[in-house]
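What follows is a set of notes on a single structure, which appears directly below.
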Amino acid sequence: MQSLNIKTILQRSNYHRPLLFNGVLWFLAFLILLFIFSKGKIPITADYIYTIVFLVIVAIPVSINFYILIPKFLKQERYAIYSILFILNFYLFSFLNTQFFNSILDTLFPKYFFVSYLSEANVYLTYGIILVATTLFKLTEDWFYYNTNENKVLKLQNQQIQTQLSALRAQINPHFLFNSLNVIYAMALEKKEDIKTAIVELSDILRYVIYDSDTERVTLKNELELLKNYISFQKYRGHSENTVDLVVEIEDENFKIYPMLLLPLIENAYKYGFSGDNTSDKIQIEFIQKASDFKFRIENTNGNAQNNLDDNYSGVGLENLRNNLNLVYPDKHNLNIEYTGKTFVVTLNLKNE
């Protein structure tokens with residue numbers, strides 16, 4: 001099953017718009033400075049020229065801050081170096097403005113007479129305000145871009161997880177159905193009288209497996225009922241219900257777990273826990289929940305020890321269980337498998353969210 005290429009999708013839907021960002025930023029700066037330089041009156045041609053040239057020159061330290069200082073130092077958490085370079089950038093270009101700006105205007109536009117719009121102190125103040133304000137504006141834009149991308153990633157990851165879980169369930173359900181139909185088929189061949197009861201019991205199990213388990217979480221009460229129904233159904237395969245020792249200790253029946261985690265383990269125990277001629281073979285199950293912890297332990301004798309280890313715990317068996325646990329209980333589960341030669345024990349511990 002192929003996973004979604006999240007990086008490729010995000011590249012196709014890039015929310016970072018540098019042209020739009022800079023367009024909005026400098027347009028707003030132009031309007032504000034034009035208002036200041038014209039002292040709130042109707043601007044004349046000299047006001048427009050002064051404002052545009054001022055913005056072009058102040059764009060140099062702003063761009064240095066945007067595309068060198070912020071990504072290389074501020075975003076790398078090198079705050080001390082960033083602060084020093086930010087101040088140097090501010091003082092250098094503020095000083096250059098006080099020394100050369102008026103000369104540049106007179107050289108480029110000799111036909112216009114430019115009054116002194118800003119004193120030397122106000123030049124430093126204006127540069128300081130512009131650099132600080134544009135920095136905040138840039139960080140806000142980056143924060144919005146980051147959050148938008150993060151939300152997109154979370155949605156894509158959730159879709160990917162749901163797709164994988166659906167595929168895993170689709171593998172488990174036919175596996176169980178195949179085994180159960182074999183039982184019904186064998187009963188039909190032998191013309192057993194209780195085949196109708198077996199079909200009804202199987203339909204109850206399948207209703208849960210196919211429909212009721214098609215949800216994110218189920219209660220322990222429902223999952224335990226499924227296991228009991230499955231154990232009861234096994235009597236049609238020649239296994240008495242007395243072959244299972246089921247210990248149940250539940251504090252909260254509404255404790256939620258992911259559905260269909262436990263049934264494959266019981267299937268495995270029935271499939272490989274009986275030698276066929278040994279009526280003393282037993283399956284021991286512990287179904288324990290306390291507070292936010294759930295423990296499921298199943299132990300069976302090795303009626304077919306080699307297959308128990310090599311056959312079932314490949315493909316559909318253990319691999320699916322591990323995949324499910326890694327998807328829905330990341331860092332909140334522990335799966336332990338013990339093979340002693342005489343017994344096969346699986347212990348699963350879950351921590352509720």
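Predicted model, so just to flag it, every value in this text is computed and none were measured.
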Between Tyr329 and Tyr258, does the ring-ring contact (aromatic ring centres under 6.0 Å, His included) criterion hold? Intermediate values first, please. CA-CA 9 Å; Tyr329 290 102; Tyr258 182 78; 7.4 Å; no
Salt bridge (Lys or Arg N to Asp or Glu O under 4.0 Å) with Arg78: which residues, sequence neighbours excluded? none
Without swapping roles, check the side chain of Asn22 against the backbone of Pro18 for a donor-acceptor pair under 3.5 Å. yes
Just to verify, what does Ile104 make a side chain to side chain contact (heavy atoms under 4.5 Å, CB included) with, not counting sequence neighbours? Ile57, Phe100, Leu108
Residue set satisfying side chain to side chain contact (heavy atoms under 4.5 Å, CB included) with Tyr185, at least two apart, ordered chain then number -> Leu189
Are the side chain of Asp204 and the backbone N or O of Glu201 linked by a donor-acceptor pair below 3.5 Å? no
Do Asp142 and Lys75 sit within salt-bridge range, that is, some charged N less than 4.0 Å from a carboxylate O? yes
Enumerate donor-acceptor pairs with a distance under 3.5 Å from any side-chain N or O in residues 283-290 to protein atoms, sequence neighbours excluded.
from, atom 1, to, atom 2, distance (Å)
Gln289, OE1, Glu251, N, 2.9
Gln289, OE1, Asp252, N, 2.7
Gln289, NE2, Ala291, O, 2.9

Apply side chain to side chain contact (heavy atoms under 4.5 Å, CB included) to Phe30 and list each qualifying residue two or more places apart in sequence or on a separate chain. Leu34, Tyr48, Thr51, Ile52, Leu55
Quick one: CG on Leu202 to OG1 on Thr197, what's the gap to the nearest 0.5 Å? 12.5 Å
Quick one: is the NZ or CZ of Lys138 closer than 6.0 Å to the six-membered ring centre of Phe21, and within 45° of its axis? yes
Per-pair distances, 0.1 Å, donor-acceptor, side chain in residues 86-93, under 3.5 Å, sequence neighbours excluded:
from, atom 1, to, atom 2, distance (Å)
Asn89, ND2, Pro61, O, 2.9

